[in-house]
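Start at 1 and go down the list; that is how both ligands and their atoms are numbered. If you read the sequence from its start, that first residue is 1, and numbering goes on from there.
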Amino acid sequence: MAEDRISAALANATDTEVVEIGTGALRSVGEVFGRSFGDRPAVIVADEHTLAAGGTGVPEELAAGGRTVVEPYVFPGEPTVYADYRNIETLIDSLRMHDAIPVAIGSGTLNDIVKRAAHECERPYLCVATAASMDGYTAFGAAITKDGYKRTMTCPAPRAVVADVDVLTAAPGPMTASGYADLLSKITAGADWIVADALEVEKIDPRVWSLVQGPLREATGKPAELRDGDAQAMDALIEGLIMSGLAMQAAASSRPASGAEHQFSHLWEMEGLGHDEHPPLSHGFKVGVGTISIAALYQRILQRDLSDLDVDRVASAWPAWDEVERRVRAAHTTPGLDEAAVAESRAKYVGADELADRLALLRERWPEIRRKVQEQLIGPEGLREMLAAAGARTGPGDIGLSMEAFKDSYRRAQMIRRRYTALDLANETGILDECVEELFAPGGFWAGEAAERGARV
Ligand SMILES: [Zn+2]
C-alpha cells in the first residue's frame with residue numbers, strides 16, 4: 001500500500017523519479033543510481049557522522065559495474081555542520097573539479113547543502129537518508145542561512161531517494177522524535193489551509209492535500225512503538241515524511257506541510273534559539289511545541305461564534321499599513337529579520353474594505369469552517385501526549401524559552417511570513433490578544449506550565 005501511494009505521488013512529482021524505502025534499501029543504491037543517471041560518475045557527500053551511519057557499502061555499490069566513484073567530499077563531524085551558504089560555496093568549488101553526480105548521505109542539513117550546491121552546478125543528485133528527522137528530503141527548495149537570515153532557496157528536490165529502515169532505526173532517538181513532530185505538525189498545517197481555502201486566500205489542491213493528509217493519521221499513530229525502534233512504525237514515519245516532501249514538490253510551495261506552527265519554529269530559529277545546544281535544537285522539536293501552541297489557539301478561536309462577528313466594528317478598528325509597519329518594527333529588531341518581517345507583513349496586508357469583505361465571508365462560512373477545522377484537529381492535550389510518547393519536547397521550557405518570550409511569540413510569529421494561518425484569522429477578527437491572554441490566564445492551557453515554572457524560580 002505504501003508503495004502504491006509513493007508511486008502515485010511520484011507520477012505527479014516534478015523532480016523526484018525514484019524513491020526506495022525499506023529494510024535493506026541501502027543495497028539498492030547502485031541500481032537506483034544506474035536507473036537515474038546511467039553510467040555517470042558518482043561522488044559521495046557526507047559528514048563524518050552521516051558517512052559512518054549510512055555510508056556502509058555505498059561506495060562499493062556505486063562502483064559495481066565499473067562506475068567511476070570520485071574521492072568523497074566529507075564535512076567534519078564537529079562542530080555540527082550548519083546549512084550556511086558558505087558551506088555551499090565550498091562544496092560547489094569541489095564539485096566543479098569534476099562532473100560526478102552527488103550522492104548525499106545525511107539528513108536535513110546535509111541534504112539541503114547538497115540540494116542547493118548540486119543545483120548551482122546544474123546537476124541532479126541522489127539522497128541517502130540517514131534519519132527520519134524532517135520532511136525536507138523530497139521537498140522543493142532548501143532552508144539556507146545567508147547573511148544571517150534563514151530563507152528557502154529555490155532548487156529542485158533529489159532525482160532519487162534511498163531510505164533504509166535499518167539505518168533510520170539506528171539513528172539517535174531525538175532525530176526520530178524530531179521527524180515525528182515535523183510530521184504531526186501537518187495536523188495544524190492542514191487546519192490553516194482549510195481556513196485559507198474557505199476564506200479564498202489560498203485554495204486547497206485536493207490532490208496535493210491527500211498526499212500529506214492521506215497517510216498522516218496512520219503514520220503518526222504509533223509514537224511509543226516508534227520510540228522503541230519498531231521497524232513498521234519507522235517505515236510509516238519515513239513514508240509520511242517523504243509524501244509531505246513530494247506534496248511540497250507538486251505544489252512548488254511548503255503550504256501543504258507548513259502552517260503557523262512552522263512560523264513559531266522559524267521565528268525561534270532565526271533568533272538562534274537552542275543553537276548553543278549540542279547538537280543544536282532541532283527543527284522538529286521547535287515545530288512540535290509550535291504545533292501544540294497553535295492547536296491550543298484554535299481551541300480558543302473555535303469556542304467563539306464568529307458567525308455573529310461585528311464586521312463594521314472590527315474593520316473600523318483595523319490599523320492602517322503605517323501603523324502595522326510600526327508594530328512589526330517594534331516587535332522585530334534582529335538584523336535581517338526586521339526587514340524581512342516588514343516585507344512579509346506587507347505582502348499579506350489588506351486594507352479595511354478588503355478585510356470587511358473577507359470577514360463577511362467568514363461570518364457566512366463560519367459553521368462550515370468550524371466543523372471542518374474541528375474534524376481536522378487533535379486537541380493540544382492529545383498532541384502533547386503523542387509528542388511526549390515519541391520522545392519529542394512539548395513545552396516552551398523544554399526548548400529554553402521563558403514564558404514571557406513564548407507568550408510574545410503568538411503575536412510576533414504572525415508577522416514573519418505572508419502565509420495565511422490561524423494567527424491571521426485571530427488577528428484579523430481582532431481576537432488574537434484576548435485568545436492569547438486566555439491561554440496564559442488561570443485555567444488556560446499554558447497556565448499550568450507557567451505556574452510550575454514560576455514555582456521553580
Ligand atoms: Zn518542517
In a table with atom names and distances, give each donor-acceptor pair under 3.5 Å that connects a side chain of residues 250-258 to protein atoms at least two apart or in another chain.
residue	atom	partner	partner atom	Å
Ser253	OG	Arg255	N	2.9
Ser254	OG	Arg419	NH1	3.0
Ser254	OG	Arg419	NH2	3.3
Arg255	NE	Glu202	OE1	2.9
Arg255	NH1	Tyr420	O	3.2
Arg255	NH2	Glu202	OE1	3.1
Arg255	NH2	Tyr420	O	2.9

For this session: Write down the atom of Ile294, the atom of Glu261, and the distance for their closest heavy-atom approach.
Result: CG1-N, 3.7 Å
Problem set entry | Distance filter under 2.8 Å, centred on the Zn ion (ligand 1) - protein N, O or S atoms that pass it | Asp182 OD1, His262 NE2, His283 NE2
Exercise. Centres of the Phe440 and Phe406 rings: under 6.0 Å?
Worked result: yes
Exercise. Using the benzene-type ring in the case of Trp, are the ring centres of Tyr82 and His275 under 6.0 Å apart?
Worked result: yes
For this session: Verify the neighbour count for atom CD of Glu404: are there more than 12 heavy atoms of other residues, nucleotides or ligands below 6.0 Å?
Result: no
Exercise. Is the count of non-hydrogen atoms from other residues, nucleotides or ligands lying under 6.0 Å from Gln232 atom CD greater than 12?
Worked result: no
